[in-house]
Amino acid sequence: MNNILSQSATPEEQKAQIAKILVVDDEIELQRLIKQRFRKNIRAKEFDFVFVQNGIEALNKLKQEGHIDVVLTDINMPEMDGLTLLGELSDIDDNIKAVVLSAYGDLTNIRTAMNRGAFDFLTKPIDFQDLETTIRKTLQFVQKMRKKQEQIEKMYAQLEYDAVHDALTGLPNRILLDNLLQHNISYAERYPDYLYAVLFIDLDRFKVVNDSLGHSVGDSLLAAVAERLKVSVRGSDTVARFGGDEFVILLEELNNIHEVISITKRIQQKFNQAFLLNEYEIHLGASIGTALSTRQYQKADELLRDADAAMYCAKAKGQNQYVIFDPTIQASAMERLQLENKLRQAIEREDFSLYYQPIIEVTTGYLSGFEALIRWFTPDGSISPSKFIPVAEETGLITPLGWWVFQEACRQLQDWRNKFPQQQSLLLNINFSTIQLKQSDLLENIQAILDATQLPGSSLKLEITESCLLENSEAQIQVLQELKDLGINICIDDFGTGYSSLSRLHEFPIDTLKIDRSFVTRMESNLGGLEMVKMIIALAHSLNMNVVAEGVETETQLQQLKALGCEFAQGYFLAKPLDKVAAEEFLQRSGVGE
């Protein structure tokens, strides 16, 4: 006789697997016969029979036992008959199956029993071999159904988990975070001394890395950030991914604000260590805004709003900074939102101007070209690019703004070329964002503007950030090469301040390196600026590139650059950025190098 229990099961598992069978019958003789005929099964802990005398007792026993596999029930019994009992079983457990044992095996009773969920119907007097076969068949069906139910429940549990967790990092997502925040808010209302805090974290420079190295590396970096955040906090704290490169940490059961600051500084210390991904060493900062429960919040959104506002203030202070929210920050957040709205409207109305800063040949003093610089003047005064460009980049508005700059600069250059035919070699430098370089219609847009303005590509020099060199795909090099095929010159702006791999610099079709003003400023001191400038110039020349030094403010700096062989320079010592009228006057009185 085959045992339905797993032979390899542990004693505890075997105990749990004993088939429990409830016999509902008021015939005492039937109980005796079952115990006698199934004694071997009972001793082997294969079957466990429980006996009651009517349907009422059966229902009570089912509620007490909590686990019954099969019910064997008579039909005619006092207080509650078997057919009524069948109708009640599904309310207790859908997986319980019943077999009717009755002397009244007429077609009407059989049909009624089956309609009420009976698994089988055996007619008395009982053939016990037939009964054992029926019990085993019923148990197999019950086990199969329960296994299927367990699989369904497991699937639903996974779906429920996925619904409240981030797929990439495994961290709680915003849905679960909101629930946890609301729970803490409610708890703090009941217990006013309870202290908790929310840290809103935005990764400094993540967008640059993601745009440059690609989304695959970006995803790996986010997963690494999640792990680093988890080991930076206490076991009782919750690290959640809010979205994109933003994370939120809920600190519960705090003693005081000093504990919040201690955890915050520990997070910042973790970010002082570089992230090592593939062959890249990536440096990120974490701008952290904190909201404390002492402000007695009512909604989770209010907490997140204030922590987010504090985070933006931290980001404005520089990399890896933190700020704790106070009421003055809310005004700053509103100001930023107003700036974003004004920027959208200004782009629609094209309420911008271009200024042009001359770029001079160091050896001759001739005008080589201009760098086009965007300016925004409003009735309330001018708004600095350092203020609105970051907002444009964060919101994606940099794309339409960048194309306006490119088109307007090309139109102005063609106007000057028409007015001054003898100065056809004049170059115009135009800043180009990494986001623009990623656009699928980049080349088509550029070619369309060149055609409309009748400009040769060789009259333009696109200034791109050093972070573009972090790109780990041939696609980025291909885009730059296609720009070169249009005759366009490529310049790396602010060279020396990023994290580009110098070993790969030769792979990119670059014409010019622009030395960042921070190095030029330090040339007259002993702070290493001169050596850095010397190294960049030597590197550029070894790769057949020329060099532009920006931020030249003194005669000494100009002479030092000349001695080092730097070809071009720009800065307030030579000329400040000029509006188009002043730039045209500068052009009229300046020679243009060939």
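Note that these values count all heavy atoms, side chains included, but never hydrogens, waters or copies made by symmetry. Quantities reported herein were computed from a predicted structural model and do not represent experimental measurements. Residue numbers start at 1 and run along the sequence shown.
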At what distance, to the nearest 0.5 angstrom, does [atom1] of [X] lie from [atom2] of [Y]?
X      : Y      : atom1 : atom2 : result
Met114 : Asn109 : CE    : CG    : 11.5 Å
Ile34  : Phe47  : CD1   : CZ    : 11.5 Å
Leu292 : Leu199 : CG    : CG    : 9.0 Å
Ile288 : Lys265 : CD1   : NZ    : 11.5 Å
Phe247 : Ile267 : CZ    : CD1   : 11.5 Å
Leu59  : Gln64  : CG    : CD    : 11.0 Å

Apply the test side chain to side chain contact (heavy atoms under 4.5 Å, CB included) to residues Gln436 and Trp403: give CA-CA distance (whole Å), side-chain angles for both, the deciding distance (0.1 Å), then the verdict. CA-CA 8 Å; Gln436 284 176 284; Trp403 282 119; 3.8 Å; yes
What heavy-atom pair brings [X] and [Y] nearest, and what distance separates the two atoms?
X      : Y      : answer
Ala226 : Leu171 : CB-CD1, 3.6 Å
Leu176 : Val164 : CB-O, 3.5 Å
Ile249 : Ile201 : CD1-CD1, 3.7 Å
Asp237 : Arg234 : OD1-NH2, 2.6 Å
Pro400 : Ile347 : CB-CG2, 4.0 Å
Met311 : Glu246 : CE-OE2, 4.2 Å

Do any N or O atoms from the side chain of [X] and from the backbone of [Y] form a donor-acceptor pair under 3.5 angstrom?
X      : Y      : answer
Ser262 : His258 : no
Asp245 : Leu222 : no
Asn320 : Gln268 : yes
Asp69  : Lys20  : yes
Arg241 : Gly244 : yes
Arg39  : Gln36  : yes
His183 : Asn179 : no
Glu259 : Asn255 : yes
Asp306 : Ala309 : no
Asn54  : Glu57  : yes

So, [X] and [Y], do they make that salt bridge, N to O below 4.0 Å?
X      : Y      : value
Asp301 : Arg174 : yes
Asp204 : Lys315 : yes
Asp120 : Lys137 : yes
Arg305 : Asp308 : no
Glu150 : Lys147 : no

Measuring only between side-chain heavy atoms, which start at C-beta, is [X] closer than 4.5 Å to [Y]?
X      : Y      : answer
Val100 : Phe119 : no
Glu29  : Leu33  : yes
Asn76  : Ser102 : no
Leu22  : Lys61  : yes
Leu480 : Ile477 : no
Val233 : Thr238 : no
Ile257 : Leu195 : no
Arg228 : Val225 : no

Residue among Thr73, Ile126, Asp74, Val23 satisfying side-chain contact (heavy atoms from CB on, under 4.5 Å) with Leu101: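 That would be Ile126.
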Determine the sole option in Thr290, Leu181, Val260 for which the side-chain contact (heavy atoms from CB on, under 4.5 Å) test with Val198 is passed.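 Passing option: Leu181.
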For [X] and [Y], which I'm curious about, is there any donor-acceptor pair between the side chains at under 3.5 Å?
X      : Y      : value
Gln439 : Asn445 : no
Asp26  : Gln53  : no
Arg136 : Gln140 : no
Asp130 : Thr133 : no
Asp81  : Thr84  : yes

Go through the steps for Glu340 and Arg344 under the test salt bridge (charged side-chain N to carboxylate O under 4.0 Å, His left out), then give the verdict. CA-CA 6 Å; Glu340 179 184 334; Arg344 292 182 185 277; 3.0 Å; yes
For Leu72 and Ile135: C-alpha separation, side-chain torsions, deciding distance, then whether side chain to side chain contact (heavy atoms under 4.5 Å, CB included) applies. CA-CA 9 Å; Leu72 305 179; Ile135 288 175; 4.1 Å; yes
Applying ring-ring contact (aromatic ring centres under 6.0 Å, His included), name anything that partners Tyr187, two or more places apart in sequence or on another chain.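 Counting only residues at least two positions away or on another chain, Tyr187 forms a ring-ring contact (aromatic ring centres under 6.0 Å, His included) with Tyr191, Tyr194.
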Under 6.0 Å from the OH atom of Tyr104, do we count more than 12 heavy atoms belonging to anything else shown?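 Open.
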Using the rule given for salt bridge (charged side-chain N to carboxylate O under 4.0 Å, His left out), can you reason through Lys124 versus Asp25, listing the C-alpha separation, both sets of side-chain angles and the distance that settles it, and then say yes or no? CA-CA 12 Å; Lys124 293 181 178 180; Asp25 200 302; 2.7 Å; yes
Salt bridge (charged side-chain N to carboxylate O under 4.0 Å, His left out) between Glu302 and Arg295, intermediate numbers included: CA-CA 10 Å; Glu302 296 172 354; Arg295 291 184 56 81; over 6 Å; no
Please test Ser287 against Asp202 for side-chain hydrogen bond (donor to acceptor under 3.5 Å, both in side chains), starting from the C-alpha separation and ending with a verdict. CA-CA 5 Å; Ser287 295; Asp202 183 85; 5.5 Å; no
Could you please spell out the steps behind the side chain to side chain contact (heavy atoms under 4.5 Å, CB included) verdict for Lys35 and Phe51? CA-CA 10 Å; Lys35 289 178 180 179; Phe51 299 93; 3.3 Å; yes
Show your working on side chain to side chain contact (heavy atoms under 4.5 Å, CB included) between Phe141 and Val70 and close with a plain yes or no. CA-CA 10 Å; Phe141 180 83; Val70 176; over 6 Å; no
Specify whether Phe38 and Phe49 have parallel, tilted or perpendicular ring planes, treating 30° as the upper limit for parallel and 60° as the lower limit for perpendicular.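 Ring orientation, 0 to 90° scale: tilted.
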